[in-house]
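One structure is given below, encoded as structure tokens.
Note that the coordinates shown come from a computational prediction; the quantities given were computed from them, not determined experimentally. All heavy atoms count here, side chains included; hydrogens, waters and symmetry mates do not.
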Amino acid sequence: MAAIWGNGAQGGQFPLEQWFYEMPPVTRWWTAATVATAVMVQCHILTPFQLFYSFRAVYVKSQYWRLFTSFLYFGPLSLDLLFHVFFLQRYSRLLEESSGRSPAHFSWLLFYAMVFLLCISPILSMPFMGTGLSSSLVYIWSRRNPDTRLSFLGLLVFTAPYLPWVLMGFSLVVHGIVPKDEFCGVVVGHIWYYFNDIYPDLHGGRRPLDPPMWWLRLFDRAASGSGTTDVNREFATAAAREVR
């Protein structure tokens, strides 16, 4: 059956389904929520006016869902949306996989970036911030892989640190406006990169943007619970051998 589906897919799984479940958890559900939001808007179940971030709508009218939906909507179903989803899942996945088995560190990065973008959104009039969040992840990955060579549309070859600027140039050409959301994402990503990759070497290993212990415990509790179950199962198996 695996041979029928190709791409090394497990039996009974389509390649798209396998691709989805191979993504780490945070990236998987962020990608799924982004596509689902676009589909619901396309089907007129939701409207963009119900999704964008507004300080008054959130803190006066108590529409707290906007704190999250403003990061999920990239526009209607289109080639532009496909482009955004590709970069979102690709670089989000690469960063999450490099952050370790626990999603605690990567989710803390997303939390930091979202809070930062929410704070500056009213100043720069950015109702939707998914592009800014995605841009911050692209920037962090590009700075951590300076020797990686990339090709854009098969026409331009460059090293990874130039990727955010190439994407901003592409947005400027396609949309005809300065991509301030992507530029803000680069600023947010640079602050994270500096305090996690440069600052510790200059200040005795101090990492001011590391997640707090309560955040680590929140995400590691499930993992430790499953580990306890495995230990108990192994202990019971050993005890059964002793009895026999």
Side-chain angles (χ1 to χ4, degrees), residues 7-8 19-20 22-28 30-31 34 71 74-75 78-101 103 105-114 116-117 120 124 126 128-203 205-211:
N7 297 330
W19 168 79
F20 176 74
E22 282 179 348
M23 284 190 279
V26 177
T27 299
R28 180 192 311 153
W30 184 19
T31 303
T34 297
F71 293 96
F74 289 81
S78 63
L79 187 61
D80 188 56
L81 173 65
L82 184 63
F83 182 80
H84 281 294
V85 170
F86 169 77
F87 276 91
L88 181 156
Q89 69 83 27
R90 174 176 171 80
Y91 295 101
S92 174
R93 175 177 182 170
L94 290 172
L95 283 179
E96 186 173 0
E97 288 176 342
S98 65
S99 66
R101 296 180 61 186
H105 285 81
F106 181 71
S107 59
W108 180 254
L109 163 58
L110 292 184
F111 178 75
Y112 147 81
M114 291 170 67
F116 201 119
L117 290 169
I120 63 178
L124 299 175
M126 294 191 305
F128 294 102
M129 292 161 283
T131 300
L133 181 57
S134 178
S135 181
S136 66
L137 302 183
V138 170
Y139 179 86
I140 294 169
W141 177 86
S142 68
R143 292 300 302 268
R144 288 179 174 175
N145 298 271
D147 298 324
T148 302
R149 295 184 65 81
L150 303 171
S151 173
F152 186 72
L153 301 178
L155 302 174
L156 183 63
V157 178
F158 52 92
T159 54
Y162 292 100
L163 178 60
W165 312 106
V166 170
L167 295 178
M168 280 193 278
F170 179 74
S171 296
L172 179 61
V173 171
V174 171
H175 301 291
I177 57 174
V178 177
K180 60 182 178 181
D181 49 356
E182 294 184 44
F183 183 78
C184 289
V186 166
V187 173
V188 172
H190 182 73
I191 293 172
W192 177 272
Y193 170 75
Y194 176 80
F195 281 105
N196 279 270
D197 294 66
I198 298 176
Y199 184 90
D201 293 335
L202 302 177
H203 296 82
R206 292 179 55 199
R207 306 176 65 88
L209 291 185
D210 268 5

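The heavy-atom pair separating M129 from L117 by the smallest distance is SD-O, 3.4 Å. Contact detail for A160 and L150: the closest heavy-atom pair is CA-CD1, 3.9 Å. Contact record, P161 with P146: CD-O, 3.5 Å, taken as the closest heavy-atom pair.
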Side-chain donor-acceptor contacts of residues 83-90 below 3.5 Å, not counting sequence neighbours, with atom names and distances?
none

Enumerate donor-acceptor pairs with a distance under 3.5 Å from any side-chain N or O in residues 184-195 to protein atoms, sequence neighbours excluded.
unit_1, atom_1, unit_2, atom_2, d
H190, ND1, Y139, OH, 2.7

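The CG atom of L163 sits 10.5 Å away from the OG1 atom of T148 when rounded to the nearest 0.5 Å. With rounding to the nearest 0.5 Å, the separation of CZ in F74 from OG in S134 is 5.5 Å. From L172, atom CG reaches atom CD1 of I177 across 9.0 Å, with rounding to the nearest 0.5 Å.
Checking side-chain atoms of T31 against main-chain N and O of T27 turns up a donor-acceptor pair under 3.5 Å. Without hydrogens or angle criteria, S135 side chain to T131 main chain gives no donor-acceptor distance under 3.5 Å. With hydrogens and angles ignored, the 3.5 Å screen pairs a side-chain donor or acceptor of W108 with a backbone N or O of L209.
Residues M23 and E96 form no side-chain contact, since every pair of their non-hydrogen atoms from C-beta on lies 4.5 Å or further apart. Between D181 and P179, some side-chain heavy-atom pair lies under the 4.5 Å cut-off. Between F106 and S92, some side-chain heavy-atom pair lies under the 4.5 Å cut-off. Contact annotation: the side chain of R207 approaches that of N196 to within less than 4.5 Å [non-hydrogen atoms, C-beta and beyond]. Side-chain contact between L156 and Y162: absent, with no pair of heavy atoms (C-beta onward) separated by less than 4.5 Å. You'll find the side chain of P164 stays beyond 4.5 Å of the side chain of L167, heavy atoms only.
Counting only residues at least two apart or in different chains, salt bridge (Lys or Arg N to Asp or Glu O under 4.0 Å) contacts with residues 166-178 are absent. Each salt bridge (Lys or Arg N to Asp or Glu O under 4.0 Å) pair with one or both residues in residues 133-159, not counting sequence neighbours, appears once here: R144-D197.
For S171, the side chain to side chain donor-acceptor pair (under 3.5 Å) test picks out E182, with sequence neighbours left out. Residues meeting the salt bridge (charged side-chain N to carboxylate O under 4.0 Å, His left out) test with D80, sequence neighbours left out: none.
Surrounding CZ of F183 are at most 12 heavy atoms belonging to other residues, nucleotides or ligands under 6.0 Å away.
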Practice item. Evaluate the criterion side-chain contact (heavy atoms from CB on, under 4.5 Å) for residue pair L137 and L110; output intermediate values, then yes/no. Key: CA-CA 9 Å; L137 302 183; L110 292 184; 4.0 Å; yes
